[in-house]
Amino acid sequence: MGCFFSRRRKPAQGGQLPLQQPAGAGQDAGTGEQKAPQYSWDLRAKIDPKDYTFSGLKNETVGRLPGKVAGQQFVIQDCENCKIYIFDHSATITIDDCVNCQIFLGPIKGSVFFRDCKDCKCVVACQQFRTRDCRKLEVFLCCATQPIIESSTGMKFGCFQYYYPELALQFKDAGLSIFNNTWSNIHDFTPVSGENNWGLLPETAVVQDYVPLPSSEELKAVRVSTDATKSIIPITRGRRQKNSDESCLAVFFAGDYTTANARKLIDEMTSKGFQLVQTKEVLMKAEDAHRVFQQSALEFIPLLEKGPVIALEFNGDGAVEQCQSTVNEVFSGTKVFVSESKASASQDVDNFYNFADMQMGM
């Protein structure tokens, strides 16, 4: 990605010339005058900063359609009472001095940074999330690392819930896994004794009540759904209190249908009333397998070379028995690790997620 404001040499008329030319080459056959050499970067599309900036807007609905940002950085600043939708993946996004805005941000490969914003409602997917000097932000979040707030108050967080057809590929282009979401594991850099600067949105919170579907004719072309059952990101409880003392760990190993299988088990278990607490997608080594899978490690070590594993934690009375039954019935030809008993399940969960957090630097 180039800098927005870098200058590029104007391409010479008449097509591309070789990057290196022999002596005497590059002269006009008719006049003998030396032509300016043309380089590969001359052929890149010029970037206009205005295409990647929303600034100074009031009472407007604006956005970018899929394919229009294409991994560039984006800036949103000094906007008031606006509805803003970035339906594409980006490198980084900064949001400064925005008031009473409703914002959707598609997958961000790096960081999103809110500064001096207040009374905003957002849906955000990113690698890193940070706020500074913000007040009353309500965020449905997918974040691969621990979200950070600083000098901010009245912050509320919920789990990312969103779908449109291009979103899955945009997550891939941004290098984000739909299973790595630490939305509720907030770190407050500037805590105040006796006060809590952040909390969680109600479990019953509906995304569309916070960030409505776009109303402009151009943005309506994106087939958006905020139905939790269609969300590209599995809806997790995060750090909300568990309903039961019993949890179960299920681990899928890399293969052609790993993601689809994990989603299928989530659907099967949640339809029976069990709650999905957290998910992770992470690479494992043989030494990790002994710590996590213990006596079953030797069976699973050869599978670790194929790629990352996807782990799911389910909670509810009877979760272990039901998960084992579902795996045996639905995934009989697929290698899946499932906690063997209620007695070992809690330790299995702790072992895996402690290992995963260390791997991800959390």
Side-chain angles (χ1 to χ4, degrees), residues 71 89 107 109 125-127 142-145 160 166-182 231-236 247-270 274 276-314 319-320 322-341 344-362:
H89 70 101
K109 185 174 185 178
C126 59
Q127 175 74 21
C142 174
C143 187
T145 57
F160 182 102
E166 299 85 354
L167 189 54
L169 182 57
Q170 292 172 4
F171 265 88
K172 183 177 180 180
D173 288 340
L176 300 178
S177 168
I178 64 172
F179 296 103
N180 290 335
N181 185 10
T182 63
S231 176
I232 194 73
I233 298 294
I235 309 304
T236 56
S247 285
C248 179
L249 178 70
V251 180
F252 287 86
F253 298 88
D256 294 335
Y257 306 103
T258 308
T259 297
N261 287 340
R263 296 302 298 254
K264 177 65 174 175
L265 183 59
I266 291 171
D267 291 342
E268 292 283 339
M269 291 292 287
T270 55
F274 296 96
L276 182 64
V277 177
Q278 58 182 329
T279 65
K280 277 287 190 294
E281 183 171 12
V282 66
L283 287 166
M284 296 184 70
K285 300 177 181 178
E287 55 266 30
D288 304 320
H290 287 290
R291 180 170 42 176
V292 174
F293 305 127
Q294 300 178 27
Q295 65 267 27
S296 303
L298 292 178
E299 177 184 358
F300 297 123
I301 284 175
L303 303 175
L304 301 180
E305 297 178 357
K306 297 181 179 180
V309 302
I310 294 174
L312 315 171
E313 179 190 351
F314 297 101
V320 172
Q322 183 60 59
C323 194
Q324 290 173 341
S325 174
T326 301
V327 166
N328 291 336
E329 292 174 6
V330 180
F331 306 100
S332 57
T334 303
K335 283 283 188 181
V336 186
F337 170 84
V338 180
S339 298
E340 293 185 357
S341 67
S344 66
S346 294
Q347 189 61 52
D348 291 338
V349 169
D350 289 343
N351 286 343
F352 183 87
Y353 285 102
N354 287 339
F355 145 75
D357 287 345
M358 286 190 293
Q359 288 292 101
M360 299 178 72
M362 296 173 57

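Residue numbers count from 1 along this sequence. Just so it is clear, the model here is predicted, and its values are computed rather than measured.
Donor-acceptor pairing under 3.5 Å is recorded for the side chains of N351 and Q347.
Side-chain contact between I235 and T270 is absent, with no heavy atoms from C-beta onward closer than 4.5 Å. Under the 4.5 Å side-chain criterion, counting only non-hydrogen atoms from C-beta, F337 is not in contact with V309. Looking at E340 and S296, their side chains come closer than 4.5 Å, going by heavy atoms from C-beta outward. For the pair T279 and I310, the minimum side-chain heavy-atom distance is 4.5 Å or more. Looking at heavy atoms from C-beta onward, H89 lies out of side-chain contact with K109 at the 4.5 angstrom threshold. Side-chain contact check for I266 versus F314: some heavy-atom pair is nearer than 4.5 Å. Contact of the F352 side chain with the M284 side chain is registered, since non-hydrogen atoms from C-beta on lie closer than 4.5 Å. Taking 4.5 Å as the limit, some side-chain heavy atom of F252 sits within range of a side-chain heavy atom of L265.
When atom types are taken as modelled, the side chain of S339 and the backbone of L249 share a donor-acceptor pair closer than 3.5 angstrom. No side-chain donor-acceptor contact under 3.5 Å links N180 to the backbone of A144.
Of all heavy-atom pairs spanning S247 and V320, the tightest one is O-CG2, 3.7 Å. Closest approach of T236 to Q278, counting heavy atoms only: CG2-CA, 4.0 Å. The two residues C248 and C323 come nearest to each other via the heavy atoms SG-CB, 3.7 Å. Scanning all heavy atoms of the two residues, the minimum distance from R263 to S231 falls at NH2-O, 3.0 Å. Contact between L283 and P308 at its shortest, heavy atoms only, is CD2-N, 3.5 Å. Shortest non-hydrogen contact noted between M269 and T326 is SD-OG1, 4.2 Å.
By the 4.0 Å N-to-carboxylate-O rule, E268 lies close enough to K264 to be salt-bridged with it.
Distance check, rounded to the nearest 0.5 Å: CZ of F179 to CG of L312 gives 6.5 Å. Atoms SG and CD1, on C142 and I232 in that order, are 10.5 Å from each other to the nearest 0.5 Å. Taken to the nearest 0.5 Å, the CD1 atom of I233 stands 6.0 Å off from the CG atom of N181.
Residue E305 places its CD atom among 12 or fewer non-hydrogen atoms of other residues, nucleotides or ligands, all under 6.0 Å distant.
Between F253 and F300, the angle of the ring planes stays under 30°, which puts this pair in the parallel group of the 30/60° scheme.
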Salt bridge (Lys or Arg N to Asp or Glu O under 4.0 Å) between D288 and K285: does it pass, once the steps are laid out? CA-CA 5 Å; D288 304 320; K285 300 177 181 178; over 6 Å; no
